[in-house]
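Below is one structure; the comments refer to it alone.
To find a chain, count down the sequence lines: A is the first, B the second, and so on, and within it residues start at 1.
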There are 2 protein chains.
Amino acid sequence: MSIPSLLSQDARAGRCGDCPIRHRAVCSQCEADELAILDQMKTYRTFTAGETIIWAGDPVARLGTVVKGCATLLRTMEDGRRQMVGLLFPSDFIGRPGRETTPYDVVAATEVTLCQFERQSFEDLLANTPSLERRLLQMTLDELDAAREWMLLLGRKSAREKIASFLTILARRDAVLRKSAPGPDMSFDMIISREALADYLGLTIETTSRQITALKNDGVIRLATKRIIELPDFERLAAEAGEDAA
Amino acid sequence: MSIPSLLSQDARAGRCGDCPIRHRAVCSQCEADELAILDQMKTYRTFTAGETIIWAGDPVARLGTVVKGCATLLRTMEDGRRQMVGLLFPSDFIGRPGRETTPYDVVAATEVTLCQFERQSFEDLLANTPSLERRLLQMTLDELDAAREWMLLLGRKSAREKIASFLTILARRDAVLRKSAPGPDMSFDMIISREALADYLGLTIETTSRQITALKNDGVIRLATKRIIELPDFERLAAEAGEDAA
DNA sequence: GGCCTGCATTGATCTGGATCAAGTTGCAGG
DNA sequence: CCTGCAACTTGATCCAGATCAATGCAGGCC
């Protein structure tokens, strides 16, 4: 899936100062001395695509940050109905300080590399490190905003709007990573399978597939491959998403 | 709606030490000296049912805690579609430190009394008061859990399950307030209108009403008045909610 | 008491998305 | 190159919940 030569870097797990997500992760507001402590505590670990990182209800031994790849938070009902309740990208934090367990599975969508800390040690550090705690609060508030935005999508948007909204988010995210605004003729990987997408949007695979086809036929998107989306006109897509004029 | 004689207490806004939600709000982990500062800073304010406390997008001048009543967080689309994204009860916190605006309206569902702080002062205090920050992080994590639970409801549950889930939550909450377990033959007020309920559950008023009637006809609930629910068998309701055997 | 006015219920009909059921496509492994 | 499987697409049908349209019903007010 991803470039094999990068894999070997995981084991090495360079100094925190060189970390690509240094300026966005929980540790982004740490001073040099605090960072040195984290540097000592951290372990890198890679999970293969599809692997479950944390099982719902199991005791959580390690917290950490996504360094590479994409992880999903998945809530499952007894009868098998599933709803994705979060999508984590590099710099996002996994695990909730102060809680023994998680109410949802954390699953690697692609191959995922985590920068992990032993839970107890991290919580101890957190209690004495305001810069960490402050950043974690901000990140949690961001996640809460995202979750609430998603509630609107799940409760009130049509299938077509749901797909368009998801693609809009991916396009924005991709543009940010490339340090550009989302413009015309951009293209990006949509990362997750149709099944995962359906789980995220509260739809079935079939409806998901049909709506993607419909958006393609209407010229809103093009499919370079089944996973790579080309976007002739970002604004058109954003309009399809039923967004407030932002 | 609520007992008029209590109203006059709002103006008085007793000492923090006497506060009924002292042990659950943001300030619950504060020491006496920290509490004394908050005591100085706080203002009580009452909003009538239906009144908007904060408008989406407007600059937020004050943060605070719900002392009495029930407030809703409401996201509205351009074309008028609405989704409630949060329901706040006494001890819940309103406002997000570090953010100028809120992406949703905060509306009083019943008459609401708030214990408010001027935003800038509160943020300054927060930066120097780990006990406040820690508690706020925990509360935010709780809200995030609740939001994710709601995502499952919105994305995957049937109308009947949605109603049953909501009533289950209310029943649990009510039992906690009475310091008892949710048992047989309890009864409680369902607080919000059919319209607000529909907005919360991602349904229409009509479907909401029909499903409540259906649950009544099936003997799962009884209606003392249109708003007061009697519950012959809590477990039966919980089963209808499609909950994991907890 | 009668009469608004705003909530809530109930009924008839319509429809978006689910469900059931085949096909495709595309890639890994022999 | 074939073969087998997993991911995806497409088609036909069904149904839960939306929509449109009355009708009930209780509290406030003249």
What N/O pairs connect the protein and nucleotides 19-25 of chain C at under 3.5 Å? Give each pair on its own line.
residue, atom, partner, partner atom, Å
C:dT19, O4, A:R210, NH2, 2.8
C:dC20, N4, A:E206, OE2, 3.1

Distance in Å, A:L231 CG paired with A:S187 OG, rounded so as to fall on 0.5 Å steps: 9.0 Å
Is there a donor-acceptor pair under 3.5 Å between the side chain of B:T110 and the backbone N or O of B:C70? yes
Candidate nucleotides D:dT9, C:dA18, C:dT9, ranked by approach to the side chain of A:L203 - the nearest: C:dA18
Shortest side-chain distance from A:S209, nucleotide among C:dA18, C:dT9, D:dT9: D:dT9
Look at all strands and tell whether A:G202 reaches a base, only sugar-phosphate, or nothing, counting heavy atoms closer than 4.0 Å. sugar-phosphate
Base, sugar-phosphate, or nothing: which does B:R156 touch, judged by heavy atoms less than 4.0 Å apart? nothing
Name every residue in residues 159-168 of chain A that has at least one heavy atom under 4.0 Å from any atom of DNA chain D, in order of residue number, or write none if there are no such residues. none
Nearest-nucleotide 5' precedence on DNA chain D, A:R194 against B:Q211: A:R194
Between A:E161 and B:R81, is the closest basic N to carboxylate O distance under 4.0 Å? yes
Could B:D142 and A:R99 be called an ion pair, given the rule that one side-chain N must be under 4.0 Å from one carboxylate O? yes
Taking CZ in B:R62 as the centre, count heavy atoms belonging to other residues, nucleotides or ligands within less than 6.0 Å. Is the count above 12? no
Look at atom CZ of B:R222 and say whether more than 12 heavy atoms of other residues, nucleotides or ligands are closer to it than 6.0 Å. yes
In whole Å, what is the span from the CZ atom of A:R227 to the P atom of C:dG26? 13 Å
Taking side-chain hydrogen bond (donor to acceptor under 3.5 Å, both in side chains) as the criterion, tell me which of B:R82, B:R75, B:Q83 meets it with B:D199. B:R82
